[in-house]
Trainee: 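First the structure, then my questions, so here it is.
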Protein chains: 2
Amino acid sequence: MARTPVWKSIAIALTDDIAQGRYETGAKLPPEAQLSARFGVNRHTVRRALAEMAEQGLVHARRGAGVFVAAKPADYPIGKRVRFHQNLAREGRTPAKQVLMLETRAAGVREAEALGLAPGDPVHVYDGLSLADGQPVALAQAIFPAERLPDLCGALREETSITAALKACGVADYTRLETRITAKLATATQALHLRISEGAPILRTTSISVDPDGTPVEFGRTWFAGDRVTLTVGGED
Amino acid sequence: MARTPVWKSIAIALTDDIAQGRYETGAKLPPEAQLSARFGVNRHTVRRALAEMAEQGLVHARRGAGVFVAAKPADYPIGKRVRFHQNLAREGRTPAKQVLMLETRAAGVREAEALGLAPGDPVHVYDGLSLADGQPVALAQAIFPAERLPDLCGALREETSITAALKACGVADYTRLETRITAKLATATQALHLRISEGAPILRTTSISVDPDGTPVEFGRTWFAGDRVTLTVGGED
DNA sequence: GGCTAACATTTGTCTAGTTGTATAGTTGAA
DNA sequence: TTCAACTATACAACTAGACAAATGTTAGCC
C-alpha cells in the first residue's frame, strides 16, 4: 500500500478546491475547526496540511483572522518610468493604495543627500501600502522636498496614486534616476502589513526620481513581498 | 524561541517615537484606529501596547479625548558633575529620593579599592530609589568612607539629595572621576522597585567621585530603568 | 456673547471567533 | 522497543464587531 499520510491527502483536496475555483484568491478558507470536522480528523492534522500549503505559498494564515488564499505573483517592471498603478493595470489587476502615515518633518542625512537638500530641511514623508486586487503587494515610503511641494500632503491623501498627486502639485512628469535592489527578511510589522510571515523574503528597493530638469522630487524606499512580485529590469521602455 | 508579541514591538516603536521627539511631551498621539492602521493590526493589539506604556507612565489616555504623552525618557547627562536632582530639575521634572536602606559596615575588597581604603574599613552604605515626577527612575547604591564622614547617615536620612547630605558633612564639592556603563536585564527585585517588568533592559553604572583634593568620597552603583532614561555623555559641562 | 442641543470623535468594555503553541496521550507498524 | 502519525486538551495571541461613556466641536437660539 502507498500509505500517504492523511494530512497530505487533505492538502491535496484543499489545493484542488482552490484550483477548481471553490475558494477565490484572497478569500478566507473555513476555520481550522470547521475543516477538521469536514475531513473527520483532529485540528492538528488539518494544520499540518495547511502548513504544507503555506510553505508552497498557496495560502497564508493570519492569527485571529483566518487562512487566506494567496495571490499569484505579478511582474513589476523597473525602468526609467516606474508607475505602480500603470504597471499593475497593464497586467489586468486593480491597483490601490492605502495611506498608513503622512507627516512633515526634518530630513535625515541620507534623505537630504538623495534629494539634494540640507539635513534638517522639511520633507513630506508618505508611508503607504500598495495593493493589487485588494492584496497587499508592497510597503512604500516616499520622501518629497516640502518647500518645493507645499501642498503635496493633501494631494496624497486625496489622489489615488502618487503620480496623480505629484501632477496636482505641478510635477507633470518625472523619471527614475536610480534604483537599488537588495533582499531582506520581513520584520514583524512589515509581515503584518504585507500579510506574509515574519522572516519571509522581501525585496527592498531605494530609488531617486527627478523631474525633467533633473531636480530630485522623490526619494523612495519600497519593500515588496518577495512571493508576490517579480521585479523585471530592461526590456522595452 | 520566545518570539516577541506584536503588541510589544508596537509599544517599543511608539516609545521610540516619543524618545525621538516625534511626539512632544503633552502632545496627543494619533487615535487608536489610526495607529492600528499604521501598524497593520487590530485596534485591540494597539490598546495592549498603549496599556503597557500607560503602566510605565509614558502615556495616559482620556476617554473621548485621546492618548497623551505623559513624559518622554529623560536625558541624563553624565560628565564631571553628576547631580541627580539638578539633572532632572533642569528638564522641568520633580526629583525625589526614597531611602531603602542605610547601614555602616566593613568595606569589601572592590569597594575599598575604589575608595582608597583598606578592606574591612568602615563604610556607610546607602541604598535608595530615585524618582522623577513620582516615577521610579533609578536604583542607587552609594558607598562612603565612614571615618571621613562620621555623621553622613543622619544627613542622608534628612536631606533631600546626596549632594546636600555631603555638603552638610563638609564636602562642599565633588566631581565624577570615572563612570562605567553596562547593560543588564532587570532582576525580580530591581523590577519591583523600578516598577518595570522582570527582564526589562537596565543601564548599570558604577562610578567613583572625588573631592577637590582628589580624595575619593563616593563609590556609586546605579541601575537606571532603560525605558525611562537616556544617558548622555559629553556635550557641555 | 453665552447657552444649549446635536453630532462626531475617541477611548473603555464586552463577547465571540480564529490561529499559534505547548503538553501529553494513543495507535500502528518497522 | 522505538518511531512517526494522529488525537486530545488547554491556553496564549490576535482579530472582529458592537456598544457604552466621555469628550470636543459646531450650529442655532436667546
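So you know, we letter chains A, B, ... as the sequences are listed, proteins then strands, and number each from 1. When reading the values below, keep in mind they use all heavy atoms of this one structure, side chains included, and skip hydrogens, waters and symmetry mates.
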Trainee: Round to a whole Å and report the spacing from CZ of R48(A) to P of dA22(C).
Mentor: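 The distance from CZ of R48(A) to P of dA22(C) comes to 16 Å, rounded to the nearest Å.
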Trainee: Only counting residues at least two apart or in another chain, list the ones meeting ring pair (Phe, Tyr, Trp, His ring centres under 6.0 Å) with F224(A).
Mentor: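 Result, ring pair (Phe, Tyr, Trp, His ring centres under 6.0 Å) vs F224(A): Y76(A).
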Trainee: Check every nucleotide of DNA chain D for an atom under 4.0 Å from a heavy-atom of chain B, then give the first and the last such nucleotide from 5' to 3'.
Mentor: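 Listed 5' to 3', the contact boundaries are dC14(D) to dG24(D).
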Trainee: Suppose we call a contact any N or O donor and acceptor under 3.5 Å apart; does that hold for the side chain of R62(B) and the base of dG12(C)?
Mentor: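 No.
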Trainee: Let me check something: any side-chain donor-acceptor pairs from residues 36-51 of chain A under 3.5 Å, sequence neighbours excluded? List them with distances.
Mentor:
from: S36(A); atom 1: OG; to: E32(A); atom 2: O; distance (Å): 3.3
from: S36(A); atom 1: OG; to: A33(A); atom 2: O; distance (Å): 2.7
from: R38(A); atom 1: NH1; to: Y23(A); atom 2: OH; distance (Å): 3.4
from: R38(A); atom 1: NH2; to: D17(A); atom 2: OD2; distance (Å): 2.8
from: N42(A); atom 1: OD1; to: H44(A); atom 2: N; distance (Å): 2.9
from: R43(A); atom 1: NE; to: E32(A); atom 2: OE1; distance (Å): 2.8
from: R43(A); atom 1: NH2; to: E32(A); atom 2: OE1; distance (Å): 3.1
from: R47(A); atom 1: NH1; to: E32(A); atom 2: OE1; distance (Å): 3.4
from: R47(A); atom 1: NH1; to: E32(A); atom 2: OE2; distance (Å): 2.8

Trainee: For DNA chain C, which residues of residues 28-41 of chain B approach it to below 4.0 angstrom with any heavy atom?
Mentor: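 Output list: P31(B), E32(B).
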Trainee: Can you tell me how far C1' of dT21(C) sits from CZ of R63(A), to the nearest Å?
Mentor: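 For the pair R63(A) CZ and dT21(C) C1', the rounded distance is 8 Å.
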Trainee: Expressed in angstrom and rounded to an integer, what is the separation of M53(A) atom CE from dT19(C) atom P?
Mentor: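 Taking CE of M53(A) and P of dT19(C), I get 13 Å after rounding.
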Trainee: For R43(A) and F68(A), take the nucleotide of DNA chain D holding the closest heavy atom to each; which residue's nucleotide lies nearer the 5' end?
Mentor: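 Per heavy-atom nearest nucleotide, the more 5' residue is R43(A).
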Trainee: Is the shortest heavy-atom distance from the side chain of K97(A) to the side chain of L129(A) under 4.5 Å?
Mentor: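 They are not in side-chain contact.
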Trainee: Check side chain to side chain donor-acceptor pair (under 3.5 Å) between R22(A) and all other residues, then give those that pass, not counting sequence neighbours.
Mentor: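 For R22(A) there are no side chain to side chain donor-acceptor pair (under 3.5 Å) partners, ignoring immediate neighbours.
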Trainee: For the pair made of NE2 in H44(A) and P in dG20(C), what is the distance, rounded to whole Å?
Mentor: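 Roughly 12 Å, once rounded to whole Å.
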Trainee: Using only atom types and a distance under 3.5 Å, with no angle test, would you say the side chain of Q135(A) pairs donor to acceptor with the backbone of A132(A)?
Mentor: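 No, because the side chain of Q135(A) does not come within donor-acceptor range (under 3.5 Å) of the backbone of A132(A).
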Trainee: Do side-chain atoms of Q190(A) reach the backbone of T187(A) as a donor and acceptor pair under 3.5 angstrom?
Mentor: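 Present.
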Trainee: What is the separation between atom NE2 on H60(A) and atom P on dT19(C), rounded to the nearest whole Å?
Mentor: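 About 12 Å, once rounded to whole Å.
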Trainee: What side chain to side chain donor-acceptor pair (under 3.5 Å) pairs are there with at least one residue in residues 112-124 of chain A, not counting sequence neighbours?
Mentor: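 Only T104(A)-H124(A) qualify under side chain to side chain donor-acceptor pair (under 3.5 Å).
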Trainee: Keeping the roles fixed (side chain from H60(A), backbone from R195(A)), state whether a donor-acceptor pair exists under 3.5 Å.
Mentor: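 Such a contact is found between H60(A) side chain and R195(A) backbone.
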